[in-house]
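Quick caveat: nothing in here was measured; it's all calculated off a predicted structure.
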Amino acid sequence: MLPRRGIVFFQLDRGEIEDDLDAGAIDLVAAGRDRWKVGGAVTIAILEEATRRKLDWPAESTLADVLEASLGADVRSGTAMQAGNLKFTVLQVRRKKARLFLVERL
């Protein structure tokens with residue numbers, strides 16, 4: 001047994017190391033009338049409920065996954081697209097993954 005003189009022992013999982021900034025934001029916050037700031041980890045089902053709009057995307061998919069598939073590999077802050085009467089603008093990208101979006105009802 002090793003002495004415990006101020007040494008902290010811990011075990012690392014052999015998976016990918018992530019920090020708080022890597023974790024996909026899971027919030028959906030109203031940002032004005034018919035506008036929302038939406039984290040990339042929010043599911044389409046939650047987004048549909050908040051916006052009261054039906055989207056033609058799988059309900060269990062995340063917003064980041066769906067929009068990155070639609071926009072392609074080169075996602076940058078400021079990139080925008082429209083689906084139905086909703087406009088999606090990328091607000092934040094980290095490590096080539098979209099993390100935060102502005103969703104606006106048109």
- [ ] Would you please name every residue forming a side-chain contact (heavy atoms from CB on, under 4.5 Å) with A64, sequence neighbours left out?
- [x] T62, E68, F101
Do you know which two heavy atoms are closest between [X] and [Y], and how far apart they sit?
| X | Y | answer |
| --- | --- | --- |
| L91 | S77 | O-OG, 3.0 Å |
| V38 | L63 | CG1-CD2, 3.6 Å |
| T89 | G78 | CG2-O, 4.0 Å |
| V93 | R76 | CG2-C, 3.9 Å |
| L47 | V42 | N-CG1, 4.2 Å |

Task: From CD (E48) to OG1 (T43), nearest 0.5 Å - done: 8.5 Å
Open item on the list: To the nearest 0.5 Å, what is the distance between OG1 on T51 and CD1 on I46?
Closed with: 12.0 Å
Distance-only check: which donor-acceptor pairs under 3.5 Å involve side-chain atoms of residues 81-88, not counting sequence neighbours?
unit_1 : atom_1 : unit_2 : atom_2 : d
Q82    : NE2    : G84    : O      : 3.1
N85    : OD1    : R53    : NE     : 3.4

TODO: Output all residues satisfying side-chain hydrogen bond (donor to acceptor under 3.5 Å, both in side chains) with R35, sequence neighbours left out; order by chain, then residue number.
DONE: none
TODO: Answer yes or no: is there a side-chain heavy-atom contact under 4.5 Å between D65 and K97?
DONE: yes
- [ ] Take L67 and W57 through the test side-chain contact (heavy atoms from CB on, under 4.5 Å) and record every step on the way to the result.
- [x] CA-CA 10 Å; L67 293 183; W57 297 322; 3.8 Å; yes
